[in-house]
Amino acid sequence: MTFEEYAFARTSALIRLARLLTDDEHRAEDLVQEDGLVVLGGYQPTGDLDRPDTW
């Protein structure tokens with residue numbers, strides 16, 4: 001599974017979590033997008049590639 005596939009599959013869950021943390025829908029979406037770009041720049045998976053939530 002590539003990072004892009006993982007991020008696409010988990011985006012809605014990440015936004016839900018960010019909404020709980022920020023109490024703001026727009027800020028939550030921005031936060032997920034910004035963090036996704038930061039992570040993508042330094043992405044190096046470790047561990048079981050079939051279980052990306054353990055990375």
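Computed from heavy atoms alone, side chains included, the values below leave out hydrogens, waters and symmetry copies.
- Residues Ile15 and Ala28 share a closest heavy-atom pair of O-CB, 4.0 Å.
- Atom CZ of Arg19 sits about 11.5 Å away from atom CG of Leu14, to the nearest 0.5 Å.
- Between atom CD of residue Glu29 and atom OG1 of residue Thr22 there is a gap of 9.5 Å, rounded to the nearest 0.5 Å.
- For the atom pair Glu25 CD and Asp30 CG, the distance stands at 11.0 Å (nearest 0.5 Å).
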